[in-house]
Amino acid sequence: MPADPAIDRALARISPAQIQHTIATLVSFRNRSTLSSLDKDLPPGTGVVAAADWIEAQFKATSAACDNCLDVHRDTFIQQPAPGPFSRITQPTPLTVLYAVMRGTDPSQAARMILVTGHYDSRDSTNEDTHGEAPGANDDASGTAVSLECARVLSKMKLPATLVFVAVPGEEQGLYGSKHLAQEAKDDNWQLEGVLNNDIVGGNRTPGDKFQDPHAVRVFSESVPANASPEEIRRYLALGYESDSPSRELAREIVDVARTYTGAPTPYSDKPITSGLEPVLEFRLDRFMRGGDHSSFNHQGFAAVRFTEWREDFNHQHQNVRVEDGVQYGDLLKYDNFDYIARVARLNAATMAVLDEAPPQPVNVQYPSEHVFNNSINNTEIRWDAGPNAPAETHYEIVWRPTAAPDWQRSIPADRLAGVPNGKFSVDGTHYSIQIPISKDNVIFGVRAVDAKGHRSPAVVPWPAPRPTRGG
Ligand SMILES: [Zn+2]
């Protein structure tokens, strides 16, 4: 997609020094265990509540600097213990979710929302320890810093749709903060179009580690949506759409954004990147047998992905700060790479701005039933409707890839199909239809919305239209 100078200007304001200041301050609260909200004996300026107070103050300061463009929310609730003997919360515990809402400037687009989050709680080797040193500089002060930095730079822009900047606690005990917010988003009908979760994006730099890649970030996305019914799961599998959940189309959108804004390589480039940042698609919900806050949003039916550094050092996560056999343990500030975190923040901010500026995704994207139930057609027909309140200048692109390919490989503006042999394009009000001379047996198609400046929405795959009922 073409670069938008206004987005480039916002990205240029992302500051490694500011990120370092944010993380150093979060580390200074000593131990941000969610369970410390019950403690009465903490030294002043330590613990999770002190951290929450400070984050709230940062959002308010950002808002004051943009003519009060943010609504800052402090949402405190009591988390009950989970049933069973293994609950990592053992008594009713107050949790505080902090979020800042930057309402879209276009009334026709403001209901659409894009959200970035990180968790501000930390832990050491023991879940119950609320007093020992638990700096959490990487896990997850780094992700919290990305969220705050996105708020700081994007609040200088005027964007049509709504952005939400979040910091949650309770991740280490069972994703409780994000579960609460995702439930609230569902109950209040938030129209969340993308959730970006940053957890462990510090770019750990253990001296001597040759395997870290400071120019790669993993993007984890679920396969079949977590909230799909058994019947919906059967349909995903029957159509070969197990790699086309809305979360995965969001992950592909991030790769597309990175080619324009963070120097990621274009398809088939075999040059390793030595500056900028390349998102690497990871086609699984999370790292093996582990979880994160994006899944709370997946469970409520929202597209959500997780960013994590290329290579984690497990001596520097969930560990008491200590030296043992000459090895330094602990999630210490000195292992964070602030330039790397700034690159991750740029990718997040660019993705949020592009999603915000792009027109609404097309809806009712379908293979018409007469094509679906006629097996002898090698030309593919796709129909769709403009998304609600799509601006008049919205146009559409058809994308496709071989079924075995991870990412879109080809695209064509829909209206150009009018000039292709066996191609067709027609529009009737907000109803669109194309024909393309490629068999849907061999490729996966998608349709995405594009504005006049080239901001693209994530693609939407066509589903078969219902079989027509026989008249008579
Ligand atoms: Zn974490």
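One-based numbering, in listed order, for ligands and for the atoms of each.
- Applying the salt bridge (charged side-chain N to carboxylate O under 4.0 Å, His left out) definition to pairs two or more places apart or across chains, those involving residues 102-130 are Arg112-Glu193.
- Taking the six-membered ring for Trp and the full ring otherwise, Tyr236 and Trp463 have centroids separated by under 6.0 Å.
- Of the N and O atoms on the side chains of Thr96 and Thr76, at least one donor lies less than 3.5 Å from an acceptor on the other residue.
- Applying the salt bridge (charged side-chain N to carboxylate O under 4.0 Å, His left out) criterion to Arg152, with sequence neighbours excluded, gives Glu149.
- Residue pairs meeting the salt bridge (charged side-chain N to carboxylate O under 4.0 Å, His left out) criterion with at least one partner in residues 16-39, sequence neighbours excluded, do not occur; the list is empty.
- Protein contacts to the Zn ion (ligand 1) involving N, O or S atoms at a distance below 2.8 Å are His119 NE2, Asp139 OD1, Asp199 OD1, Asp199 OD2.
- A salt bridge does not link Asp213 with Arg311: none of the charged nitrogens is closer than 4.0 Å to a carboxylate oxygen.
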